Amino acid sequence: MGNASGWSGQAPADARKGPAAAGTVAGAARRACEDAVGMPPSVPARAESALAGPVLAWYDREARELPWREPGAGAWAVLVSEIMLQQTPVNRVLPAYAAWLARWPTPAALAAAAPGDAVRMWGRLGYPRRALRLHECARQLVARHDGIVPDDVDALLALPGIGAYTARAVAAFAYRQRHPVVDTNVRRVVARAVLGRGDPGPPATTRDLAAVEALLPADAERSARFGVALMELGALVCVARTPRCGSCPVAADCAWLAAGSPAYEGPTVRPQRFVGTDRQVRGLLLGVLRDARHPVGKAALDVVWTDDVQRERSLDSLVADGLVDPLPDGTYALPS
DNA sequence: TATACGTGGTG
DNA sequence: TCACCAAGTAT
């Protein structure tokens with residue numbers, strides 16, 4: 001099928017910088033006023049996406065209460081939550097997030113810890129390299145940003161573990177800036193509601209960002225709220241397997257529903273096996289070190305996997321990643 | 001652009 | 001049971 005993975009091409013446009021960027025101050029004030037009164041804009045600079053109003057109203061009613069959305073959550077807390085939420089479900093992040101911030105409430109606190117402590121604290125969230133990157137991120141925040149999470153997308157992108165999604169998520173959710181925040185939920189919602197496709201297909205960052213940018217409300221605060229609302233809709237209603245279209249606030253405007261919910265026909269990303277892969281072996285190896293309070297001998301690692309070649313390869317890769325520290329006496333430990 | 005990278009819940 | 005799925009990033 002033609003153009004299967006592509007969202008409609010939009011002019012490449014990222015967000016303006018800062019809260020004052022949403023048109024004129026007077027314009028923002030007028031919109032805010034109209035929002036409060038519930039009146040349509042008298043002289044709209046450009047029509048707001050039909051999605052925004054219903055999605056925002058739905059979010060006000062149905063949003064989950066999550067700790068990183070509390071008003072008191074600072075940029076560091078938001079950043080920690082975003083890193084943990086990369087490919088890990090909310091329910092498993094919740095306890096880890098609380099414990100992490102209790103122990104390291106600031107970037108400086110984490111920066112002062114050993115990287116191995118971060119890896120151990122990460123527990124079984126998965127993808128432990130994230131713990132290492134978050135630790136290194138904290139050190140860079142201290143070294144280059146006075147221990148403060150920057151509010152600039154480009155500065156955020158320069159930090160380890162922070163990519164296109166996380167940089168904008170932090171700028172939008174922690175600093176209330178106007179940026180397209182595009183995660184898998186948003187990609188799916190837009191693919192369905194706007195493009196009429198059941199599945200967003202493979203990601204294409206530049207195009208995806210532009211497509212969502214085109215939907216953003218002009219006002220920065222409203223835009224930031226719209227971003228999290230779109231994600232929430234994708235997480236609770238417009239889910240991958242069995243979407244609950246019956247309770248969707250934009251069902252009436254959904255292009256996919258209107259088209260009869262056609263099945264996806266585009267290219268699919270074949271999920272790779274886990275059992276038997278190096279990833280599984282790495283997980284087993286690291287689990288031994290995570291649960292050990294002291295360095296362990298090679299024998300303790302050897303028992304987790306019988307295939308010597310694969311086990312050694314996996315151990316080597318953990319060392320190469322900085323996740324495991326081979327000590328001079330032949331034992332192994334989490335990095336100190 | 002495609003692939004590697006953990007872990008556990010779910011239909 | 002097992003394939004799919006979960007707020008991605010780095011290479």
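Chain naming here is simple, since letters A, B, ... match the order of the sequence lines and numbering starts at 1 in each. If you're wondering where the values come from, they're calculated on a predicted model, not measured in any experiment.
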- Which part of the nucleic acid, if any, lies within reach of A:Leu285 when heavy atoms closer than 4.0 Å are counted: base, sugar-phosphate only, or nothing? nothing

- Decide, yes or no, whether a salt bridge links A:Asp291 with A:Arg120 under the criterion of side-chain N to carboxylate O below 4.0 Å. no

- Task: Answer yes or no: are there more than 12 heavy-atom neighbours, outside A:Arg313 itself, under 6.0 Å from its atom CZ?
- Result: yes

- Task: For A:Thr242 and for A:Arg130, find the nucleotide of DNA chain B with the closest heavy atom, then tell me which residue's nucleotide is more 5'.
- Result: A:Arg130

- Under 3.5 Å, is there an N or O donor on one side and an acceptor on the other linking the side chain of A:Arg241 and the base of C:dC4? yes

- Message: Under a 4.0 Å threshold between the charged nitrogen and the carboxylate oxygen, would A:Arg188 count as salt-bridged to A:Asp199?
- Response: no

- At under 4.0 Å between heavy atoms, what does A:Ile162 touch on the DNA or RNA strands: base, sugar-phosphate, or nothing? sugar-phosphate

- In whole angstrom, give me the gap between the C1' atoms of C:dT11 and B:dT1. 11 Å

- OP1 or OP2 of C:dA6 under 4.0 Å from side-chain N/O of A:Arg188: yes

- Side-chain N,O (A:Arg92) to OP1/OP2 (B:dG9) below 4.0 Å: no

- Query: Any ion pair linking A:Glu312 and A:Lys298 (charged N to carboxylate O, less than 4.0 Å)?
  - Reply: yes

- Note on the structure: A:Phe274 atom CZ is separated from B:dG9 atom P, nearest whole Å, by 13 Å

- Message: How many whole angstroms separate atom CG of A:Leu315 from atom P of B:dC5?
- Response: 14 Å

- Query: Does a side-chain N or O from A:Thr277 land closer than 4.0 Å to OP1 or OP2 of B:dA4, or not?
  - Reply: no

- Calculate the interatomic distance between A:Leu236 atom CG and C:dA6 atom C1'; express it in whole Å. 13 Å

- Return the value, rounded to whole Å, for the distance between atom CG of A:Asn91 and atom P of B:dG9. 10 Å

- Item | Exercise: identify the closest heavy-atom pair between A:Leu215 and A:Phe226 | O-CE2, 3.7 Å

- Going by heavy atoms in the side chains, are A:Pro150 and A:Leu141 under 4.5 Å from each other? yes

- Determine the interatomic distance between P on B:dT3 and the same-named atom on C:dC4; round to the nearest Å. 16 Å

- Query: Rounded to whole angstroms, how far apart are CZ on A:Arg273 and P on B:dA4?
  - Reply: 13 Å

- Message: Without decimals, in angstroms, what is the distance between A:Tyr127 OH and B:dT3 P?
- Response: 14 Å

- Message: So A:Trp122, base contact, sugar-phosphate only, or nothing? Heavy-atom distance under 4.0 Å.
- Response: nothing

- Query: Starting at the 5' end of DNA chain C and moving along, which residue's nearest nucleotide shows up first, A:Met231 or A:Leu157?
  - Reply: A:Met231

- Message: Heavy atoms within less than 4.0 Å of DNA chain C: which residues of residues 80-90 of chain A have one? Give them sorted by number.
- Response: A:Glu82, A:Leu85, A:Gln86, A:Gln87, A:Pro89, A:Val90

- Message: Regarding A:Gln86 and A:Tyr165, do their side chains bring together a donor and an acceptor under 3.5 Å, going by distance alone?
- Response: no

- Task: Describe the nucleic acid contact of A:Pro203 in one word from base, sugar-phosphate, nothing, applying a heavy-atom distance below 4.0 Å.
- Result: nothing

- Task: Look at the side-chain N and O atoms of A:Arg290 and state whether any lies under 4.0 Å from the OP1 or OP2 oxygen of B:dT7.
- Result: yes

- Per the atom types in the model, does the base of C:dT9 pair as donor or acceptor with the side chain of A:Arg129 at under 3.5 Å? no

- Query: Say you pick atom P in B:dG11 and the same atom in C:dA7; how far apart are they, in whole Å?
  - Reply: 15 Å

- Which is true for A:Gly126 with a 4.0 Å heavy-atom rule: it touches a base, it touches only sugar-phosphate, or it touches nothing? base

- Item | Proximal nucleotide (of C:dG8, C:dA6, B:dG6) relative to the A:Ala240 side chain | C:dA6

- Integer-rounded Å distance: B:dG6 C1' and A:Arg133 CZ: 13 Å

- Message: What I want to find out is whether A:Glu232 reaches A:Arg69 closely enough, with some N-O distance under 4.0 Å, to be called a salt bridge.
- Response: yes

- Item | Ring-ring centroid check A:Trp104 A:Trp76, cutoff 6.0 Å | no

- Item | Options C:dA6, B:dG8, C:dA7, nucleotide nearest the side-chain atoms of A:Arg124 | B:dG8

- Rounded to whole Å, the CG-P distance (A:Asp321 to C:dA10) equals 13 Å

- Give one of base, sugar-phosphate or nothing for A:Arg64, where a contact means two heavy atoms less than 4.0 Å apart. base

